Student: 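Just passing along the structure, written as structure tokens.
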Amino acid sequence: MTQHVPTDAAYAAQLDARDALAHFRARFVIDDPDLIYLDGNSLGRPPKAALALADDLTRRQWGQRLIRGWNDGWFEAPERIGAKIAQLIGAHADEVIVADSTSVNLFKLAVAALRAQPGRPRVLTDDLNFPSDIYVLRGAIDLLDKGHALEVVPSRDGIHGPEDGLRAAVDDRTALLTLSHTAFKSGYTYDMAGLTAAAHAAGALVLWDLSHSVGALPIDLTAAGVDLAIGCTYKYLNGGPGAPAFLYIRRDLQETLGNPITGWMGQQGLFDFSLAYQPAAGPRRFLTGTAPIVSLALIEPGVDILLEAGVDNLRAKSEAQSAYAIGLWEALLEPLGFSLNSPREARRRGSHVSLGHAEGLRIDLALIDAMKVLPDFRAPDTIRLGIAPLYTSFGDIHEAVTRLETVVTERLFEKYSLETPTVT
Ligand SMILES: *Cc1c(COP(=O)(O)O)cnc(C)c1O
């Protein structure tokens with residue numbers, strides 16, 4: 001599968017000239033054209049439309065409409081935006097709602113799932129899952145105090161998900177199988193339909209964390225028969241720092257599974273202020289308290305752009321860009337000691353390419369400080385190049401790789417110390 005790519009900048013310019021999605025870049029705020037931003041998988045760039053909306057939200061909707069804003073669309077915003085996200089993940093409009101953070105949504109759905117599976121004490125995941133997900137699962141198990149055990153199946157190489165091990169482990173004592181659909185470190189993407197079917201055959205429920213997939217690759221929860229899902233909106237959805245997350249709960253489970261954090265926003269007829277809790281219909285029952293409306297509303301412009309561009313088109317571009325990045329790694333960076341810490345197989349890879357190097361952290365610090373490249377770093381040695389096909393250009397990838405090459409060949413990293421910055 002080795003495919004030699006030309007390493008000159010002119011070739012990147014040609015690829016950009018042929019890119020039918022290139023015009024979408026102009027819809028995003030690009031404050032410094034010389035800064036190469038490859039961290040859209042951790043915090044997407046702001047859509048220009050989000051800036052205009054933030055102004056309208058604060059000056060007109062909040063400033064002028066005041067409490068009337070709730071009747072002008074705030075109240076329905078979690079469902080309205082959830083219905084749009086549903087189109088990105090192959091769900092029905094009434095199966096997705098925006099609320100809380102990804103971690104909190106995992107807690108709510110995991111507790112609900114474990115309660116619905118009495119007599120099944122095993123919870124299954126693997127060691128490529130996001131650490132917060134593991135913490136939340138342990139917290140849910142502790143709180144329930146019903147003797148559940150979390151089993152974390154190990155990956156053989158830290159890059160590929162242990163799919164065979166997971167299939168072998170799921171059994172009639174398994175309550176829930178939960179995984180990140182695309183692993184945050186290596187970018188490995190799981191066979192969602194296959195693993196979901198294997199879990200269902202054993203009677204287990206399945207919950208997918210879509211944080212590193214949504215907006216970057218096509219997902220079809222309905223076709224795969226997925227029970228539950230959660231995901232983040234500030235990565236490829238460009239929702240803004242700390243924007244609330246979403247949760248998906250299949251229609252036929254909505255009446256069966258109960259929200260363990262019951263609150264007035266999930267109550268039927270909440271303005272009756274009845275002291276008896278009666279869950280609302282549909283996914284609203286998984287709400288708890290008042291949504292952070294400003295932050296919530298700012299998710300919508302990014303989702304609208306993604307729907308306009310089309311996830312299949314974005315996936316095609318992302319695959320071409322990842323293959324290009326891997327080709328450049330092979331030609332220019334592998335000889336300098338960089339390893340490829342992502343799967344080679346495009347089908348099994350999300351939209352970021354991870355490169356390992358023994359001096360990874362100091363190289364990352366030099367890149368950010370001296371070279372105006374913003375990738376991100378994951379301990380102990382991995383530099384992630386996040387490709388956000390809505391606005392990442394082939395030229396960005398070429399620049400990032402050649403600047404990386406300079407950092408190493410000119411040994412610019414040597415003057416940086418190993419003190420870890422808080423956010424990398
Ligand atoms: C980013 C991310 C999250 C984010 O969790 P928050 O609770 O919203 O901070 C969760 N899971 C995965 C897999 C992620 O990549």
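The model shown is predicted, which means the values in this text are computed figures rather than measured ones. When a ligand or atom number is given, it counts from 1 through the structure's own listing order.
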Student: Can you list the atoms of ligand 1 that are under 4.0 Å from a heavy atom of Ser180?
Tutor: 13 (C)
Student: Could you tell me which atoms of ligand 1, counted from 1 in the order shown, lie closer than 4.0 angstrom to a heavy atom of His212?
Tutor: 15 (O)
Student: Please report which non-hydrogen protein atom sits nearest to atom 4 (C) of ligand 1, along with the residue it belongs to and the distance in Å to one decimal place.
Tutor: Tyr234 OH, 3.3 Å
Student: Checking a contact table here: which protein heavy atom is nearest atom 2 (C) of ligand 1, and how many Å away?
Tutor: Lys235 NZ, 2.3 Å
Student: Got a second to check how far Ser351's OG is from His212's NE2, nearest 0.5 Å?
Tutor: 11.0 Å
Student: I'd like to know if Asp364 pairs up with Arg362 as an ion pair, taking the criterion as any Lys NZ or Arg NE/NH1/NH2 lying under 4.0 Å from an Asp or Glu carboxylate oxygen.
Tutor: no
Student: Check this for me, if you would: do Glu308 and Arg27 make a salt bridge, where the nitrogen-to-carboxylate-oxygen distance has to be below 4.0 angstrom?
Tutor: yes
Student: Under a 4.0 Å threshold between the charged nitrogen and the carboxylate oxygen, would Glu300 count as salt-bridged to Arg80?
Tutor: yes
Student: Within this structure, what is the OG-CG distance for the pair Ser354 and Asn41, rounded to the nearest 0.5 Å?
Tutor: 8.5 Å
Student: Given side chains that start at C-beta, do those of Phe246 and Ile299 come closer than 4.5 Å, heavy atoms only?
Tutor: no
Student: Checking contacts here: is it the side chain or the backbone of Ser103 that comes within 4.0 Å of ligand 1, counting heavy atoms only? Could be both or neither.
Tutor: both
Student: What protein heavy atom is closest to atom 5 (O) of ligand 1, reported as residue, atom name and distance in Å?
Tutor: Thr102 CB, 3.4 Å
Student: Between Ser132 and ligand 1, is there a nitrogen or oxygen pair with a distance under 3.5 Å?
Tutor: no
Student: Is a salt bridge present between Glu255 and Arg285, judged by a nitrogen-to-oxygen distance below 4.0 Å?
Tutor: yes
Student: Purely on distance, is any nitrogen or oxygen of Asp209 under 3.5 Å from one on ligand 1?
Tutor: yes
Student: Which bit of Phe107 gets closer than 4.0 Å to ligand 1, counting heavy atoms only: side chain, backbone, both or neither?
Tutor: neither
Student: Under 4.0 Å, heavy atoms only, figure out whether ligand 1 is touched by the backbone of Asp133, its side chain, both or neither.
Tutor: side chain
Student: Between Phe271 and Phe75, what is the ring plane arrangement, given parallel below 30°, perpendicular above 60°, and tilted in between?
Tutor: tilted
Student: Need the ligand 1 atom indices (1-based, order shown) with element for anything under 4.0 Å from a heavy-atom of Ser211.
Tutor: 2 (C), 3 (C), 10 (C), 11 (N), 12 (C), 13 (C), 14 (C), 15 (O)
